[in-house]
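Since the structure comes first, as structure tokens, the remarks are kept for the end.
Only heavy atoms go into these numbers, but all of them, side chains included; no hydrogens, no water, no symmetry mates.
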Amino acid sequence: MVIYLIIIVLFIIIFTGILTAILKRKKQKSRGETPYINALDMLLEGKKDEALEYLKKTVKKDTENIMAYIRLGDIFREKGSPIRAAKIHRNLLVRGDITEDESNTILHHLVFDYRASGMLNKAIEMAERLIQKNKKNVDNQKLLLSLYEEKGDWDKAFFYRQSINKWLKKRDQDILALYKVKSGLSFVERGLEHEARLRFREALKLTKTCIPAYLYWGDSYRREGRNEDAYRVWHEFTVKNPEWAHLAFKRLRDVLFDLGRYSEIEEIYKEVISKNPKDPASYLSLAELYKKQGKLDQAIELCKKVLDNNPDSLQCRYLMVQLLQQKGEESPALQEAIQILDKQIKKETAFHCTQCGFESIEPLWRCPKCGAWNTFLTQQK
């Protein structure tokens, strides 16, 4: 009898243990299937609408779940309601129970809320608060830099890029110089030519090869009727940067014409060719000049030199066809070639962004598509 009692007691103990384990496992499982966990699962699967509903349930039941509020606001922003997102995130900042890390995270998300709503000044304010809390955080400085670029505040952008370079121990004088150029152009828009020229000169102090600084510096002089000064700047540019001298050729032709010294352009072309004998643009510009002067044989010889190194140059072949036609060497085939080349030459693109491939007939100092700086210095032949 005693043995039976012992067996029964042992059975009860074992059964109770098993039942307790099962209940505990069920309880743990039910705890894992909270609305917040479900929301995270939905976000991982890209189901934002479902995640939104689970997050709403979460914050209704658990008002202390700061990350749930943050993610809820993010979804509203991503679904096109950045102002509503900002309201949710902003309300979190006034709570007295958030940690310093949570406060920084909320400010970071507010930057994107205000940016998405077009409120750049508010976005900048939030980014500046982040930097005030941790001046050594380079990622926050980069975020603020991108906002100043977007706003077009190039002097502030210059300051923060310098700061970032200091922390990263790097130099990117070319881009800093372009910031100065952009700043100068903002002064041009306001009619402040003198201030603009100061910025262009500051750009050249950062790097002597800042192409747009030379070009826009001369343009500023031209707008004030200071043609001699404009000529001096652009001529200096061709001497110091013969590989890019062709960018100033039209400007030089125009200013020399106004100065009554148009004949000097021939010497400038020859000077550039002597410094950069493989540059097709200088040869073609000189050939165009000879064509206008009726020196057709000399122009044709220049075209042949270009074609020796650049046989696929449509611009050169087009000029060659024009010269042959002007000499009277016409035929139906020549006329057809002129028509074909006339259409094709208009499609020929001179420059492209080396980052994203965006094409432009002029070199751009910042790509309008991907935002990269100084990526249009590859010329297609």
[X] and [Y]: which non-hydrogen atoms are nearest, and at how many Å?
X    : Y    : result
N137 : N140 : OD1-N, 2.9 Å
W234 : L215 : NE1-O, 3.2 Å
A248 : T238 : CB-CG2, 4.3 Å

Can any side-chain N or O of [X] pair as donor or acceptor with the backbone N or O of [Y] at less than 3.5 Å?
X    : Y    : answer
S285 : A281 : yes
H89  : I70  : yes
S220 : W217 : no
R261 : L256 : no
T58  : Y54  : yes
N310 : S313 : no

What I want to find out is whether [X] reaches [Y] closely enough, with some N-O distance under 4.0 Å, to be called a salt bridge.
X    : Y    : answer
D229 : R232 : yes
E202 : K205 : no
K270 : E266 : yes
K250 : D254 : yes
K47  : D41  : no
D258 : R222 : yes
R77  : D74  : yes

What's the spacing between [X] [atom1] and [Y] [atom2] if we round to 0.5 Å?
X    : Y    : atom1 : atom2 : answer
Q141 : N165 : CD    : CG    : 10.0 Å
E243 : D279 : CD    : CG    : 8.5 Å
N241 : I211 : CG    : CD1   : 6.0 Å

Query raised in the report: Do R199 and F158 meet the cation-pi criteria used here (NZ or CZ under 6.0 Å from the six-membered ring centre, within 45° of the axis)?
Result: no
Restricting to side-chain hydrogen bond (donor to acceptor under 3.5 Å, both in side chains), what partner residues turn up for [X], sequence neighbours left out?
X    : answer
R161 : D172, Y179
E224 : R197
K369 : none
K295 : Q293

I'd like to know if [Y] and [X] are part of one continuous hydrophobic network [Ile/Leu/Val/Met/Phe/Trp/Tyr, side-chain heavy atoms within less than 4.5 Å].
X    : Y    : answer
M67  : M42  : no
F159 : L120 : yes
V188 : V181 : yes

Requested in this report: Starting from the C-alpha separation in whole Å, work towards a yes-or-no answer on side-chain contact (heavy atoms from CB on, under 4.5 Å) for H235 and V239.
Outcome: CA-CA 6 Å; H235 185 231; V239 172; 4.1 Å; yes
Flag if over 12 foreign heavy atoms under 6.0 Å of [atom1], [X]:
X    : atom1 : value
E45  : CD    : yes
R190 : CZ    : yes
I83  : CD1   : no

Can you tell me which residue pairs pass the ring-ring contact (aromatic ring centres under 6.0 Å, His included) test with a partner in [range], sequence neighbours excluded?
range            : value
residues 181-213 : none
residues 111-142 : H108-F112
residues 133-153 : Y148-Y160
residues 264-311 : F249-Y269

Is any side-chain heavy atom of [X] closer than 4.5 Å to a side-chain heavy atom of [Y]?
X    : Y    : answer
F358 : C370 : no
Q355 : C353 : yes
I131 : L143 : no
I124 : K156 : no
C356 : C367 : yes
F76  : I88  : yes
R71  : L40  : yes
T207 : L176 : no

Report task. Would you please say whether a donor-acceptor pair under 3.5 Å links the side chains of N121 and K151? Result -> yes
Report task. Could you tell me whether the side chains of E149 and W373 share a donor-acceptor contact shorter than 3.5 Å? Result ->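 E149 vs W373: donor-acceptor pair found between side chains.
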Quick one: salt bridge (Lys or Arg N to Asp or Glu O under 4.0 Å) partners of [X], sequence neighbours excluded?
X    : answer
R251 : D219
R84  : none
K182 : none

Requested in this report: Among E193, E228, R226, find the residue that satisfies the side-chain contact (heavy atoms from CB on, under 4.5 Å) test when tested with Y221.
Outcome: R226
Query raised in the report: How would you list all residue pairs meeting salt bridge (Lys or Arg N to Asp or Glu O under 4.0 Å) that involve residues 85-112, not counting sequence neighbours?
Result: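 Salt bridge (Lys or Arg N to Asp or Glu O under 4.0 Å) check on residues 85-112 returns R95-D97, E100-K133.
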Query raised in the report: Between K292 and E288, does a salt bridge (charged side-chain N to carboxylate O under 4.0 Å, His left out) hold up when you go through it step by step?
Result: CA-CA 6 Å; K292 292 177 181 178; E288 287 278 7; 6.0 Å; no
